[in-house]
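Index from 1, following the sequence.
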Amino acid sequence: MNQTNQDWALEQKRVDEVVAEINRRIALLEQETLDTKSEMVDIRKNFWDDVTVNFEDATEMAETYASMKQQAELLSERERTHRQAALQLRTLNKLQLSPYFGRIDYKEEGEQAADAIYLGIASLRDGSDENYLIYDWRAPVSSLYYDYPPGPARYETPMGMIEGELQLKRQYMIRDGAIVSLFDTGVTIGDELLQEVLGKQSDAQMKSIVATIQREQNRIIRNERSRLLVVQGAAGSGKTSAALQRVAYLLYRYRGTLTADQVVLFSPNPMFNSYVATVLPELGEDNMQQTTFQDYLVYRIGKAFKLEGPYEQLEYALTAGDDPEYAARMGGIRYKASMSYAALIERYLVHLSTQGLVFRSLVFRGEPMVDAEALAAYFYTLDHAIPIPNRLRLVADWLLEQLKEREQAACSEAWVENEIELLDKETYLKAFQSLKRQKGFSGKSFDDYEREQMLLAKYVVKERFKPLRSRIKKLGFIDLKSIYRQLFAEPAFARAIADESCSLPQNWPDICTATRGRLDCGDMAYEDATPFLYLVERIRGFQTNTSVRHLIIDEAQDYTAFQFAFLKRMFPRSKVTALGDLNQSINAHTSGGSGGFAALKELYEQEETETIVLTRSYRSTRQIVEFTSRFIDDGNAIEPFNRDGIKPTLTAASGEAELHRLVGERIEELLSAGHGTIAVICKTIAESRIAYEALKGAVPPIRLLEQETSSFEPGVVVIPSYLSKGVEFDAVIVYDGSSRQYSRESERRLFYTVCTRAMHELHLYKAAGEWSPFITDEAKQLCLLESGEAG
C-alpha cells in the first residue's frame, strides 16, 4: 500500500470513528427529546391539577400566584431543554453525513509535537468530553486553515497571539460518511474543492461556503475592529456569501452578548431574502432580521401616501424618456439623493425653528377647540433655543390641560345627557358597580341618582375625547405633509434659506412644480420618501434603534447618500458592513455620483473604516467572465476562476416570431442539459410580460417574476433586469441584447449586471437592430455567433 492509499485508509478509519460517536450522541439526544416532550405534555395536561387555586384572601392569592409561577417556569425550562436538544440534533444530523471538510497540523512554539485539528460546521468533543474531534470553523485556531500555507503561522485568541508552524493543510470531500476526495493544498483553498462546489447546478437557496472560504473572504468574516467595513467586489466574487458567514461568525464569537435579532440585513428585494434565508440555519444559527429599505419606508409612511418603490422609479428612468417632465424628474431624483439636499433640509429646519411650522386645528364635534393659528402662536412664544421636538411636547402638555378643562365643562352640556340616554345596559351596570364601591352610596336616594348621572356623564365625555387625547399625544396637530410641500411651494423660498452647502440645481423651479403635483395627488416619489421621513423624525424626535448592533447593507452601491445618513442616525450604535459593486450601480440617482461607497465613507472617521476589494469572480465560467468584463472600464482587473465552460452565444432572429421560437428551443436544450435554474432576463417589467406571454405556451413550466414576488424557486423564470440583482442562475437568456434596449451610457452597468447572473451558460438574443454597443468587436470574438446575421 503506497503512502497515499495508507493516508486515505487512516483518514477513513477516523471518519468512521467520528461518525460512530455522532451516532451515539444522536441516539442519546433522540431519547432525551422524547422524554422531554413527554414531560411537557404531562405538565400541560396536569397544569391546573398541580396548582393550588385559592383567592379567599391576600395570603391565599399570593400562594396561588407562586404555585402558578412555579408550574409555568417548570414548563418553560422543559421547553428550552427540548428546543436546545432539537438544535443539537439538527447539527449532528448534518455532521453525520459530512463530519468535517479540512484538517491542519499545527505545532505551537515550545511544543514537541503538532496537533491535528479537524474543521467542520460545528464543534464536537469525544466521549470523555475532554478532546475535540471537530473544531467549529469559526474557532480562533480555524483561521489558520483559511489564512496560511504550510510554514510559519499564527492566530489570535482572547489570551493573545499564538505563534507556531503549520505543518499540514488537507481538504476533504466527505459524502454520507465516506471520503470521496482527499488532497493537500497550499496558499488558498484548493481549486479541486472549488471546482466541485462551483460546478454544481444552482438551486433556490444560496449555500454556505465555509469549506471554500478564501483568505480575502476570511478577512471579511473575522473583522471585529471596524465600525464600517466596506466590501467592494466584482460580480460573483462571493461578497454576499462572506457577509452571511460573517454574521454566523459574530454570533458564535459573541454568543451570550449578541443575538440574531440584533443583526439586520437590508437586502435589495424580498425575493433575495428568500434566496439567502437558509444560510444561517444551515450553520446552526438563528436567522437575522431581514428587510428591504422600501419595506421600512412603507411601514413608516405607507399610510400617509401612495408610495413609489425603487423599481417603479427605475422603470420610469428606463422607459419614460419621452415624458415632458422627464428631465425635471431625473434632476430631482439625483438632487434629492445627495447630501446637498440633506443640507437644504437642515437649513429648512433652522427656518422652521423660528417660523413656518404648519399646524392643524383641533376639532371637537365639528367645532375648533384650538385653531391652527393659536397653536402656532403658542409654539413660537416658547424659547427658540429649545429643540423643535421638545417644544412640541410642551405644546402637547398645554393642549392636554386645555382638553381637561374642556372635558369638565362638557359634562353639563346637553349633548352629553342625550348620549347617556343612548348608553347600553352593560355600561349602566358598570357605572352602578363603580358607585357601589364608593362610601355612602345606596342607590336609593336622589343624591345617588345625581352621582350616577355625573359618573355616566364623565364616562361619555372621556370616551368622546379619547381620540383627541390620543392625537395630541402622538403630535397629530402638526401637518407634516404640508410642511414638506411648503419647501416646494415657491422656488424662491428654497433659494432664500439655502447656503453654499445646498447647491440648488438649475432646474429647481421645474423640480418644485413636479414635486407639488405628485404630493397634491397623494403620491410620494421614491426620491422624496427618505427626505420626508428624515424631516418628520427631526420635527417629532428621531426614533433611534439602539438594540441593533450589526447592520448588513447588500447592493450598497444603489443607496443614496441621504439614505446612508438616515440609516446611520437611525442605528447609532450599530457597526455596518456594506457590500456592493460600483459596476452594478443601476438605480436612477447613481449617474449623479451621489450614491455608492464614497458617500458612506464620509459619514465615518477614517480610522474606524476598512475597505476590502474582491477582484476574483467565482460565479461564472472563465468564458462568461472574460466576455462580460469587456463591458466595463476596469474589467481587466477582474480575475476569472479557472473553471471552463461553453462560450456565450449571440443569436440574431429575423423577427419576434423567430425570436420566441429560438428562445423556447434554447430553454428546452438547457432543461435537457440538467440546468435547474434558467432565467430569461428582460430590461423592464413591460418587456418581461411580453416575453412571458409569448413563451408560456411553448415552455409550460415558465413563471413570471414581478416586484411582488417574495420567494425564489428553481425552474424557468422571466424576470426584469433589476430583480435579478444578487441572484445567480445556471443559465441566463438575455431576451433583447440590441441597441434598442441597451445603448445609453447609463444602461452600461445594467447590461453588465444582467449578463453576470449566469453561472454556466449565457445566451444573448435580438430580433431587430444592431447589437448593444457595449458588445464590442473584441467581446464578439469571445462568443459563438449564431443564425448567420448575428455579427
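- Close placement of the Y326 and Y316 rings is indicated, their centers lying within 6.0 Å of each other.
- Aromatic ring orientation, Y296 versus Y299: tilted (interplanar angle from 30° to 60°).
- Cation-pi geometry between R227 and Y604 is not met at under 6.0 angstrom from the ring centre and within 45 degrees of the axis.
- By the 30° and 60° cut-offs, the orientation of the rings of Y378 relative to W398 is parallel.
- The aromatic rings of Y722 and Y311 lie parallel to each other, with less than 30° between the two planes, well short of the 60° mark.
- Two rings, from F631 and F774, have their centers 6.0 Å or more apart.
- In this structure, G331 and N507 approach most closely via the heavy-atom pair CA-ND2, 4.1 Å.
- In terms of the salt bridge (charged side-chain N to carboxylate O under 4.0 Å, His left out) criterion, residue partners of R689 (sequence neighbours excluded) are, by chain and number, E706.
- For E555 and Q584, the side-chain atoms include no donor-acceptor pair closer than 3.5 Å.
- A distance of 6.0 Å or more separates the ring centres of Y735 and Y692.
- Here salt bridge (charged side-chain N to carboxylate O under 4.0 Å, His left out) pairs that include residues 482-495, with residues two or more places apart or in two chains, are R485-D520.
- The aromatic rings of F564 and Y559 sit parallel to each other, their planes meeting at less than 30°, with 60° as the upper class boundary.
- A cation-pi arrangement is absent between K725 and F272, since the terminal nitrogen or guanidinium carbon is not both under 6.0 Å from the aromatic centre and inside a 45° cone about the axis.
- Relative to the ring axis of F542, R569 places its NZ or CZ within 45° and under 6.0 Å from the centre.
- Below 30°, between 30° and 60°, or above 60°: for F379 and F359 the angle between ring planes is between 30° and 60°, a tilted geometry.
- Smallest separation of non-hydrogen atoms from N545 and S547: OD1-OG, 2.8 Å.
- Counting heavy atoms from C-beta on, the side chains of M570 and L567 come closer than 4.5 Å.
- Listed by first then second residue, pairs satisfying salt bridge (charged side-chain N to carboxylate O under 4.0 Å, His left out) with a partner in residues 533-547 read R300-E537, E346-R538, not counting sequence neighbours.
- No side-chain donor-acceptor contact under 3.5 Å links Y526 and Q294.
- Note: W508 and Y341 have tilted aromatic rings, judged against thresholds of 30 and 60 degrees for the angle between ring planes.
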